[in-house]
Amino acid sequence: MTKKELTELTKEELSKEIESIGEKSFRAKQIWQWIYFRGVTDFMEMSNLSLNLRQKLAENYTITRPKIVTEQISIDKTHKWLLEFKDGQRVEMVYIPEKDRGAVCISTQVGCAMGCRFCHTGSQKFTRNLTVGEIVGQFMVARDAYKEWPSPTNEIRYLSNIVVMGMGEPLNNLDNVVKALNILTDGDGIAISRRRVTMSTSGIAPRIVEAMQKTGVRLAVSLHAPNNTIRSQIMPINDKFKIEEVMKACSLYQQGDHSRYITFEYLLLKGINDSEENAKELISLLKKYKLRATFNLIPFNPWPGCGFEPSERKTVENFSKLLDEAGFAAPVRVARGQDILAACGQLKSKKLN
Ligand code: SAH
Ligand code: SF4
């Protein structure tokens, strides 16, 4: 009999599982705390359980971490891991440290089916969705590396934030992503606050409201263009869900939760979407849909064979200023970990063919 992997289970599922082997459900809570509060992977360390139960668990279950294939640390301390799962599939994960906090950027799929032209991940074919345990396991690997077990009880942590901005389109693996985020934000375990989790989508319009209701995390949308002509050129998904549909979904989401600003990611590509006219069109678009939003201007991170160039620094600054003057904060994202290809859009887990 193959052993069951416990990190694949939600809290409720774990409870049912433990009851199914004849144990009281409070045992499930203890096991949950060992796994997600203490970071234990060996059942024998679960010292408040009887030896008998520990042995029974070890015979029937596993608590597995994704295997670390390689890891690299950038000169700016950005940390990138190439991780491998049981079937040999691989993804990359990145930790981006700041002075008094840090974000772990997790992946949700092996490859990505969206095929955005500017994205290194998009040039790698979609292979499969990640499971719940594989998504949660990424964060646990980072916790192991920074020895942040047991979960800190205050907000001062190395690993304080999560960005679902690695490989893959999270809204195309929504069931698993929802379960994984519920585990990562559960107060009895890893306990990352939902306010500190941001999920980025390329704009799967019909799932935006549902995804945000089910996760309660922050929304980021990869917009990258002020109109359908430009957006379709660089993001094939725009042929399926047009800008208007994405904007309507965003507006619906904000009607449900007034306090929440949406972050629009806007990648600046030289000569493609970075003119003053583009900025003005972008401003009217946001105003038309009455969205409360901030921008995150992303300088393009080139990768071998991409065929795009980053906008000039002056162009980026001017673009930022125009949005700012129109009432939209538009900070320019500082690229991190470029020297180890860990920056936005540079992740890829297979060699280029
Ligand atoms: N798949 C999701 C989240 C992952 S990508 C999405 O597309 O939203 C995180 C951000 O990096 C997205 O806004 C994405 O468009 C952007 N990005 C992709 N390729 C990039 C590149 N080469 N340089 C800079 N940012 C890039
Ligand atoms: Fe997929 Fe996001 Fe890359 Fe587009 S930018 S190909 S959606 S990972």
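Order of appearance sets the numbers: ligands from 1, and atoms from 1 within every ligand. Residues take their numbers from the sequence shown, with the count starting at 1.
In this structure, Arg143 forms a cation-pi arrangement with Trp149, its terminal cationic atom sitting closer than 6.0 Å to the ring centre and no more than 45° off the ring axis.
Classification of the His79-Tyr146 ring pair by plane angle, with boundaries at 30° and 60°, yields perpendicular.
Residue His120 places no N or O, backbone or side chain, under 3.5 Å from any N or O of ligand 1. The distance criterion of under 3.5 Å between nitrogen or oxygen atoms is not met by Met165 with respect to ligand 1. The shortest N or O to N or O distance between Ser200 and ligand 1 is under 3.5 Å. Looking at Phe118 next to ligand 1, an N or O pair under 3.5 Å apart turns up.
At least one heavy atom of Gly166 sits less than 4.0 Å from an atom of ligand 1. Note on ligand 1: Trp303 sits in its first shell, one or more heavy atoms being nearer than 4.0 Å.
If you check each of Ser202, Cys119, Gly168 against atom 1 (N) of ligand 1, the one with the closest non-hydrogen atom is Gly168. When the heavy-atom distances from atom 15 (O) of ligand 1 to Glu265, His224, Gln109 are ranked, the shortest goes to His224.
Atom 4 (Fe) of ligand 2 has no N, O or S atom of Cys119 closer than 2.8 Å. When distances to atom 3 (Fe) of ligand 2 are checked against a cut-off of 2.8 Å, His120 contributes no N, O or S atom below that limit.
Listed by atom number, the atoms of ligand 2 under 4.0 Å from Ser202 heavy atoms are 7 (S). Ligand-side atoms of ligand 2 in range of Gly168: 8 (S), range being under 4.0 angstrom from any heavy atom. For ligand 2, the atoms sitting less than 4.0 Å from at least one non-hydrogen atom of Cys112 are 1 (Fe), 6 (S), 7 (S), 8 (S), numbered in the order shown with element in parentheses.
Outside the 6.0 Å centre-distance limit, the rings of His224 and Phe264 are not counted as a close aromatic pair. Taking the six-membered ring for Trp, Tyr266 and Phe319 have ring centres closer than 6.0 Å.
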